[in-house]
Asker: 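The structure's right below; bear with me while I get my questions together.
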Amino acid sequence: LQNAIVLLDPKIPDCNHLVKSGLKRGLMVVGVVRSNLNQGSAGGALYPTAEALLEVGMHQVYEPPVGAKFDVVECAANLKTIES
């Protein structure tokens with residue numbers, strides 16, 4: 001993706017700052033959630049769901065299908081479709 005910031009397993013404190021900075025510069029902010037780190041008592045606060053990341057202001061969030069492991073090829077194909 002050109003003119004984009006791609007965040008891997010983003011955390012909410014990082015997202016707030018980077019989304020604001022990206023919007024100021026006209027950049028697209030995309031999140032990639034590689035694992036189910038949000039399933040846990042403390043993990044949910046740091047590693048939010050895709051819905052929570054979209055609420056923060058991200059343009060797009062990719063997460064693997066439920067029960068599937070992260071596949072970099074599938075992720076890249078998904079990001080490529082965003083670019084079109």
Side-chain angles (χ1 to χ4, degrees):
L1 291 173
Q2 293 181 355
N3 301 322
I5 299 172
V6 179
L7 303 174
L8 297 174
D9 288 330
K11 299 174 187 171
I12 287 289
D14 300 333
C15 294
N16 289 329
H17 175 70
L18 289 171
V19 167
K20 288 177 187 174
S21 296
L23 292 176
K24 278 185 190 177
R25 292 168 176 80
L27 300 173
M28 184 174 184
V29 183
V30 179
V32 177
V33 179
R34 296 182 296 162
S35 58
N36 294 329
L37 294 172
N38 57 3
Q39 294 183 6
S41 57
L46 289 178
Y47 295 99
T49 62
E51 292 81 17
L53 292 171
L54 291 170
E55 288 175 8
V56 170
M58 286 198 173
H59 292 93
Q60 182 81 19
V61 177
Y62 169 80
E63 59 184 347
V66 176
K69 292 185 178 180
F70 176 76
D71 180 5
V72 71
V73 174
E74 181 182 326
C75 178
N78 183 277
L79 294 176
K80 185 72 173 165
T81 59
I82 295 170
E83 187 177 25
S84 307

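Note that these values count all heavy atoms, side chains included, but never hydrogens, waters or copies made by symmetry.
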Asker: Indicate the atoms forming the closest heavy-atom contact of Leu53 with Pro48, along with that distance.
Answerer: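 Heavy atoms of Leu53 and Pro48 come nearest at CD2-CG, 3.4 Å.
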Asker: Drop me the distance from Ile12's CD1 to Glu55's CD, to the nearest 0.5 angstrom.
Answerer: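 The distance works out to 8.5 Å.
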Asker: Pick out which of Val30, Ile5, Leu18, Leu7 makes a side-chain contact (heavy atoms from CB on, under 4.5 Å) with Met58.
Answerer: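 So, applying the side-chain contact (heavy atoms from CB on, under 4.5 Å) to Met58 and each of Val30, Ile5, Leu18, Leu7, only Leu7 qualifies.
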Asker: Measuring from atom CG of Leu54 to atom CD of Gln60, what distance do you get when rounded to the nearest 0.5 angstrom?
Answerer: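 Going from CG on Leu54 over to CD on Gln60, the span is 7.5 Å.
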Asker: Work out which heavy atom in Val56 is nearest to a heavy atom in Val19; give both atom names and the distance.
Answerer: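 Looks like O-CG1, 3.9 Å.
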